[in-house]
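The structure's right below; bear with me while I get my questions together.
As the structure is a computational prediction, the values presented were derived from the model and not from experiment.
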Amino acid sequence: MTKKASAPRANTVRLKPEEKAPKPKKRKGFSIFGLLEKYANVDALFEEGVPLKYLPRILFLTLLTLFYIGNTHYAEKTIRRIDKVKVETEDLRADYTTLKSDYMEASKQSEVARNVAPLGLEESSSPPYQVIVPADEY
């Protein structure tokens, strides 16, 4: 058994023929992340690891964003509460107006006379007169 003279004596890397990876289908339409990947080279920032010099700014912006979101939710909740109180106030105002008109109707002289008639009370036909008492009598 003889060896071929052209065979290498050391271990070498065999080159595989390059396989073409299937290209992902591009979706038609607008994508924010597609634009970000196209125009901002974010991968270059993370080649050597996470850049810690930007960490305080990133944390500040994150906290600011969370505060903004929380403030927006609080404002929307307050607006909903105000709308609910407005509706309740309108209902109470309508009830007040109804009760006031009922009271005004019930306090009329003719209504009072009709309501006390079953008790045996009747309206006087003579006008009232003023009793004058001399100052030295009492």
Can I get a per-line list of side-chain donor-acceptor pairs under 3.5 Å for residues 50-57, giving both atom names and the distance, sequence neighbours left out?
none

Partner residues of Glu122 under the side-chain hydrogen bond (donor to acceptor under 3.5 Å, both in side chains) criterion, sequence neighbours left out =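 Glu122 satisfies side-chain hydrogen bond (donor to acceptor under 3.5 Å, both in side chains) with no residue once adjacent residues are dropped.
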
For Pro118, side chain to side chain contact (heavy atoms under 4.5 Å, CB included) partners two or more places apart =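 Once residues adjacent in sequence are excluded, Pro118 has no partner under the side chain to side chain contact (heavy atoms under 4.5 Å, CB included) criterion.
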
Using the test side chain to side chain contact (heavy atoms under 4.5 Å, CB included), find all partners of Ala135 that sit at least two apart in sequence or belong to another chain.
->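 Ala135 satisfies side chain to side chain contact (heavy atoms under 4.5 Å, CB included) with no residue once adjacent residues are dropped.
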
Distance (rounded to the nearest 0.5 Å) between Asn115 CG and Ser110 OG |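 OG of Ser110 is found 9.5 Å from CG of Asn115.
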
Donor-acceptor pairs are to be reported for all side-chain atoms of residues 82-100 against protein atoms at under 3.5 Å, with residues two or more places apart or in another chain.
from, atom 1, to, atom 2, distance (Å)
Thr89, OG1, Val85, O, 2.7
Thr97, OG1, Arg93, O, 2.9
Thr98, OG1, Ala94, O, 2.9

Using the test salt bridge (charged side-chain N to carboxylate O under 4.0 Å, His left out), find all partners of Glu111 that sit at least two apart in sequence or belong to another chain.
->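 Partners of Glu111 by the salt bridge (charged side-chain N to carboxylate O under 4.0 Å, His left out) criterion, ordered by chain and then number, come out as Arg114.
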
Please table the atom pairs, donor to acceptor, closer than 3.5 Å between any side-chain atom in residues 60-79 and protein atoms at least two apart or in another chain.
from, atom 1, to, atom 2, distance (Å)
Thr62, OG1, Ile58, O, 2.7
Thr65, OG1, Leu61, O, 2.7
Thr72, OG1, Tyr68, O, 2.8
Thr78, OG1, Tyr74, O, 2.8

